[in-house]
Amino acid sequence: MRKIYLSLTLAAAATGIMPAAAQQLPNADFAKWVDCIPWTSNGNEKAQGTTPDDWTISNVIGIGGLGATSTGEKAEGIDGGNAVMVKNSPNSLLNTQTVPGYFTLGTTWSTSVMGAQNDGGTFGGIELATRPDGVHFAFKRSVAEGSEQTATVVAYLWKGTFTQAGVPGNIIMAGEPVAVDMVNRDRNILGMETAKGGEVTKSEGAALVAKVVRPIAEVADEWTNLTVPFEYESEEAPEMLNIIFAANDYFDAAKIDQGNTLTVAEPKLVYWSKLSAIEIGGEALAGFDDAVYTYHVAELPALDEVKYTVLGAAAEATAEEVDGEIVITVTNLDGTDEEGLAEHIYTITTHEAEPAGEGVEYTGKLTVALAGNEITSEGGEDATILIIPTADDKATVLLPNLSLGDMGDLGEIKVENVATTTSADGTTTYAATVKDFPVMGGAITAETVEVSGTTANGTANLTINVTWNGLPIVCTFRGDVSAGISGVGADNSNAPVEYYDLRGVRVADPSAPGFYIRRQGSEVSKIIVR
């Protein structure tokens, strides 16, 4: 039975109906920028710097322009796109005062009386009626020398309104700032204490629906992907969303380290459509992993013996028996996950696994960076990666020996069930994320291992991201196909000639244009058909 994975867009196109509920972040590519007019309680109308449309950078106007400070700017994003860089910046009038760098879907605000009685944050957000599972984005981060401060991503969903009376909201030289009633202040929604402001009142039914407050301790010179899951506190549908990206510990303004930066690209809401558990007859299915979609059992269970738990706040699952297999389809019509998928199919079968190809070995250079610090340079020794196809749309990627130099060896990194997609031009794309991955022979466990990249025309461009103890280990491999098909036999000049494509799958006749591997006995070479 062929397994088909449909993205939300493809599924909708097939039915001719686009789901009205699908919601994403506005201006998430940061293509449109506008003048930033910092909000103040006394009605500021002056611009200070720019900000991405629909988002607000924490620029301040100071006292009528005196002490005006910018804390963010447009930066180069991924593959020529745009990003937002925020920075903890010295005040232009008093450089001993630091203006925290952050940006948000809400409105930024601050108050101060000549450098004292400081407060600030965010209020408001955007309308959102769906139940996303998390926020995904790519980031870079730098810190000033000696800084131990983290950056922060904050996101929360809520319904109703929270109004705090008497919140001062402008910067003055002396006296009392103008106080206003502030609606949907971040701390009020999250149930946190406030340094300034009076009583908080709620509209009927107002409640926090979900939240995440996640420190970002990693220092990263290269783009690093991160997904932060929401913690749901209510079964109700939300009405509003706010997201905040800060170059500092957002809720601790006692000390803001000047010079720390956070750069963010391609933020998106993710909607999972997977399973978190499968049980057969009350027992957990052996070897279950939410990223593994086919399971072989000795005897097919009855449909009512199969129980499962859905991973996804708005996902739904159905199970049926099809051609002697139990097929569980998980869908999420609210949106897609990190890989752009809104549907995943799990299969329990007694059928034999599809035969694997023999595998292709690539030889090249491996660059290893630990927490942004390069360990192995492109001028290092040759490294190899083996790619073994295991099904029409799956492969195993093997990095034989991952060394961290003087810090020791992590050993074999073998990622199975890597999703593969081959385009018409012969480019194969690889994508997989595995949680709780054993390394060093099981002596330690990495939080995640992520494989991504492509092979095309005999060249491999792969990245293996290992997150261990909160530290990112980024392995970048660039290499060409080598004489390394697994299972090579003894040297025999009279042996028959065999041909394989670049996924390691044997082909009868290499007539279609492209690259192939020719093997005769132990002699292996690469050929091209034009």
Side-chain angles (χ1 to χ4, degrees), residues 1-29 126-138 155 157 209-210 212 225-230 232 235 237-238 241 243 266-278 288-295 308-320 322 325-348 391-394 417-423 429-435 448 450-452:
M1 177 179 176
R2 182 173 175 79
K3 313 303 183 295
I4 302 174
Y5 302 88
L6 293 177
S7 71
L8 179 64
T9 302
L10 291 176
T15 61
I17 301 173
M18 289 300 292
Q23 289 184 256
Q24 265 301 339
L25 303 178
N27 194 28
D29 58 0
I126 65 170
E127 293 183 357
L128 187 87
T130 55
R131 288 169 61 87
D133 292 293
V135 179
H136 177 80
F137 58 97
L157 302 158
V209 176
V212 56
N225 288 308
L226 181 62
T227 300
V228 291
F230 282 111
Y232 271 85
E235 297 294 328
L241 162 73
I243 303 175
E266 300 181 357
K268 64 179 290 186
L269 299 175
V270 293
Y271 299 82
W272 291 329
S273 54
K274 293 187 177 184
L275 297 179
S276 61
I278 298 178
F288 176 80
D289 185 286
D290 62 29
V292 176
Y293 303 108
T294 302
Y295 297 89
Y308 48 83
T309 304
V310 175
L311 179 63
E316 296 181 349
T318 59
E320 58 183 337
V322 180
E325 298 179 325
I326 303 295
V327 178
I328 306 170
T329 303
V330 191
T331 58
N332 193 325
L333 292 180
D334 274 354
T336 63
D337 62 12
E338 298 92 326
E339 299 175 0
L341 300 177
E343 179 180 89
H344 291 84
I345 300 173
Y346 296 81
T347 302
I348 303 170
D392 285 345
D393 54 3
K394 293 287 185 294
N417 293 294
V418 178
T420 64
T421 304
T422 302
S423 59
T429 302
Y430 302 86
T433 300
V434 181
K435 300 181 226 178
T448 59
E450 179 182 346
V451 175
S452 61

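The first residue in the sequence is number 1, and the count goes up from there.
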Give the intermediate values and the outcome of side chain to side chain contact (heavy atoms under 4.5 Å, CB included) for residues Val135 and Leu269.
CA-CA 5 Å; Val135 179; Leu269 299 175; 4.2 Å; yes
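Closest approach of Leu311 to Ser276, counting heavy atoms only: CB-N, 3.9 Å. Shortest non-hydrogen contact noted between Lys274 and His344 is CE-NE2, 3.7 Å. Here the closest heavy-atom approach between residue Pro238 and residue Thr130 is recorded as CG-O, 3.0 Å. Taking all atoms of both residues into account, the shortest heavy-atom contact from Tyr346 to Asp289 is CE2-O, 4.4 Å. For the residue pair Ala313 and Asp133, the shortest heavy atom distance occurs at N-OD1, 2.5 Å. Closest of all the heavy-atom pairs between Ala129 and Gln23 is N-OE1, 3.0 Å.
Although no hydrogens or angles enter the test, the distance criterion places no donor-acceptor pair under 3.5 Å between the side chain of Tyr271 and the main chain of Ala315. Judged by distance alone, with hydrogens and angles left aside, the side-chain atoms of Tyr308 form no donor-acceptor pair with the main-chain N or O of Leu275 at under 3.5 Å.
Checking each of Val270, Val209, Leu241 against Phe230 for a side chain to side chain contact (heavy atoms under 4.5 Å, CB included) leaves exactly one that passes, namely Leu241.
Remark: Leu226 CG to Phe137 CZ distance equals 4.0 Å, nearest 0.5 Å. In this structure, Ile348 CD1 and Glu325 CD are separated by 10.0 Å, a value rounded to the nearest 0.5 Å. Rounding to the nearest 0.5 Å gives a distance of 7.5 Å between CG of Asn417 and OG1 of Thr294.
With contacts defined as side-chain heavy-atom distances shorter than 4.5 Å, the pair Trp272/Asp290 does not qualify. Residues Ile243 and Pro267 have side chains not in contact (no heavy-atom distance under 4.5 Å, counting atoms from C-beta outward). With a 4.5 Å cut-off on side-chain heavy atoms, Ser273 and Val330 count as touching. Glu343 places a side-chain heavy atom less than 4.5 Å from the side chain of Thr329. Put simply, the side chain of Thr336 reaches to within 4.5 Å of the side chain of Lys268, judged on heavy atoms.
Shown here are the side chain to side chain donor-acceptor pair (under 3.5 Å) partners of Thr448, two or more places apart in sequence or in another chain: Thr467. Evaluation of the side chain to side chain donor-acceptor pair (under 3.5 Å) rule for Thr227 yields His136, Glu338 as partners, not counting sequence neighbours.
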